[in-house]
Amino acid sequence: MASGEGGRTALVTGASRGIGRAAAVALARAGVDVAVTARTRREGEGTDDSDTGGGRPIPGSLETTAAEITAAGRRVMAVVADLHDHDSLVAAVEHVRDEWGRLDVLVNNAVDTGPGSMVPFADLTVGQLERKLMANVVAQAVILKAAVPLMASGGGGVVVDVSSHVATGDPTAPVGEGGWGLAYAASKAAFHRFAPILALELAGQGIRFYNLDPGYVETERQLANAAALGLAGRYRGAPPSVPGAVIAWLATSPEAEDGIASGATVVAQRVALERGLHPDWRRA
C-alpha cells in the first residue's frame, strides 16, 4: 500500500516505549499510517513512576517512535495524552478524524504505571485503587466512545485491547514474592471484559475486538527495574516486538480476520510462534 491519502490508519496508545512502540512500528511496516499517544514527548523526559521505579530515567518517547514510523514510509501523528486526562484522549481521536478522516485500527495499550500496582492490600490506598480503575478501565471506555463511531463510519475496523495474564490467572504467591497487586489485577480484569461484550454488541458495525495477552515482555521499564533490583537475567521474557508483530497481524491479515473470532483472547507468544510471525526469541 502506498503512503498518502486513503490508506489505513491506526491509533496506538502508550506508544513511547514497550509494547505500544513495537505495535506502532509493526503496523507502519505493514502499511498502516499510525497516530501515537503517550505522556513522554522527547527522549530524556521519561521516568519510571512505578512502585519500584524510584523515578529513574527510562528510554523512549513519542519523537523516537514517530521517527521509526516515518522511516517505515508511513504518515505519523504524535499526540501527547494522559489516561488521567480524558479530554486529551478524546482530542487524540478527534485529531485523527480531522487530519486523516478515518480510523481503522485502535490499540488500547496504555496503562497506569504509578504507585499501587505492586503493593499488598494492607498498603493499598483507596485513592490508588480509584486511579487504577479510572486509568485502566474508564479511560479506555472514553477512547472507545470517541473511536467507535469514527471506525463505524469508515466501514469498521479492528480494536486490540492489550490485556494481561493477571486479568484471568490466579497468582501462586503473594505480591512481591512472585504475585501481583490487587489494584492492577482488578483493573485489568475489568478491562478484559470489554472485547467479548463489545464484539457482540457492535457486531453489526464491522468492528472486530480482541484481547491480547502479551505474556511476560522485557520492556524498557521491566529491564530497568530488574537491573536496579539485582534481578537482571533471572526472568526471561519476550521482546516487545513479539506482541507488536501479533497486533499488526490481527489488524491487517485476512488470515486473522477469517481465523480468529471477534471477542477472543489471543495469547501473543504462542500465536507468534505457531504462525511464524516472529523469530524464536527463546533461542537467542
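Side chains included, hydrogens not; waters and symmetry mates left out as well; all remaining heavy atoms used. Because the structure is predicted, anything quoted here is derived from the model rather than measured.
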Exercise. Take E130 and V126, measure what side-chain contact (heavy atoms from CB on, under 4.5 Å) needs, and give me the verdict at the end.
Key: CA-CA 6 Å; E130 289 175 338; V126 172; 3.8 Å; yes

Practice problem: Let me see the working for V158 and F209 under side-chain contact (heavy atoms from CB on, under 4.5 Å), right down to the final yes or no. | Solution: CA-CA 6 Å; V158 178; F209 294 84; over 6 Å; no

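Y184 has its side chain out of reach of T113: every pair of non-hydrogen atoms, C-beta onward, lies at least 4.5 Å apart. Side-chain atoms of Q140 and L83, non-hydrogen and from C-beta on, do get closer than 4.5 Å to each other. Side-chain contact between T64 and R21: present, with at least one pair of heavy atoms (C-beta onward) separated by less than 4.5 Å. In this structure, the side chains of V32 and D104 stay at 4.5 Å or more apart for every pair of heavy atoms. Contact of the M77 side chain with the V96 side chain is registered, since non-hydrogen atoms from C-beta on lie closer than 4.5 Å. Side-chain contact between T168 and H192 is present, with heavy atoms from C-beta onward closer than 4.5 Å. Using a 4.5 Å heavy-atom cutoff, the side chains of Y210 and D161 are not in contact. Here the side chains of V266 and V246 are in contact, with some heavy-atom distance below 4.5 Å.
Applying the 6.0 Å contact sphere to CZ of R29 captures no more than 12 heavy atoms from other residues, nucleotides or ligands.
Atoms CG and OG1, on L89 and T13 in that order, are 8.0 Å from each other to the nearest 0.5 Å. The CG atom of L133 sits 8.0 Å away from the CG atom of N136 when rounded to the nearest 0.5 Å. The distance from atom CD of E255 to atom CH2 of W249, rounded to the nearest 0.5 Å, is 5.0 Å.
Of the N and O atoms on the side chains of E43 and S61, at least one donor lies less than 3.5 Å from an acceptor on the other residue. Side-chain atoms of S241 and H278 form a donor-acceptor pair, as typed in the model, at a separation below 3.5 Å. In the model, N211 has no side-chain atom that pairs as donor or acceptor with a side-chain atom of S163 under 3.5 Å. In the model, D48 has a side-chain atom that pairs as donor or acceptor with a side-chain atom of S50 under 3.5 Å.
V25 and V34 are not part of a single hydrophobic cluster, where members link through side-chain heavy atoms under 4.5 Å apart. Hydrophobic clustering of Ile, Leu, Val, Met, Phe, Trp and Tyr side chains at less than 4.5 Å, counting indirect connections, unites W100 with I207. L106 and L202 fall within a single hydrophobic cluster, where Ile, Leu, Val, Met, Phe, Trp and Tyr side chains are chained together by heavy-atom contacts under 4.5 Å. Hydrophobic cluster membership differs between V111 and I19, with clusters built from Ile, Leu, Val, Met, Phe, Trp and Tyr side chains linked at under 4.5 angstrom. Hydrophobic clustering, with ILVMFWY side chains joined whenever heavy atoms are under 4.5 angstrom apart, keeps L277 apart from V267.
Nearest heavy-atom pair, A183 versus G116, reported as atom, atom and distance to 0.1 Å: CB-O, 3.6 Å. Across all non-hydrogen atoms, the minimal contact from A135 to D112 is CB-CB, 3.6 Å. Across all non-hydrogen atoms, the minimal contact from S16 to T40 is CB-O, 4.1 Å. The two residues A185 and W180 have their closest heavy-atom pair at CB-CD1, 3.7 Å. The minimum heavy-atom distance between I69 and A28, with the atom names listed, is CG2-CB, 3.8 Å. Taking both residues in full, the closest heavy atoms of R102 and G7 are given as CD-O, 3.8 Å, listed atom of the first, atom of the second, then distance.
Of the listed residues (L212, V159, V36, V162), just one forms a side chain to side chain contact (heavy atoms under 4.5 Å, CB included) with V107, and that residue is V162. Just one of N108, T37, V148 meets the side chain to side chain contact (heavy atoms under 4.5 Å, CB included) condition when paired with I143; it is N108. Only one option out of R131, R56, R39 pairs with D49 in a salt bridge (charged side-chain N to carboxylate O under 4.0 Å, His left out); it is R39.
Electrostatic pairing of E99 and R75 does not count as a salt bridge here, judged by no charged N lying under 4.0 Å from a carboxylate O.
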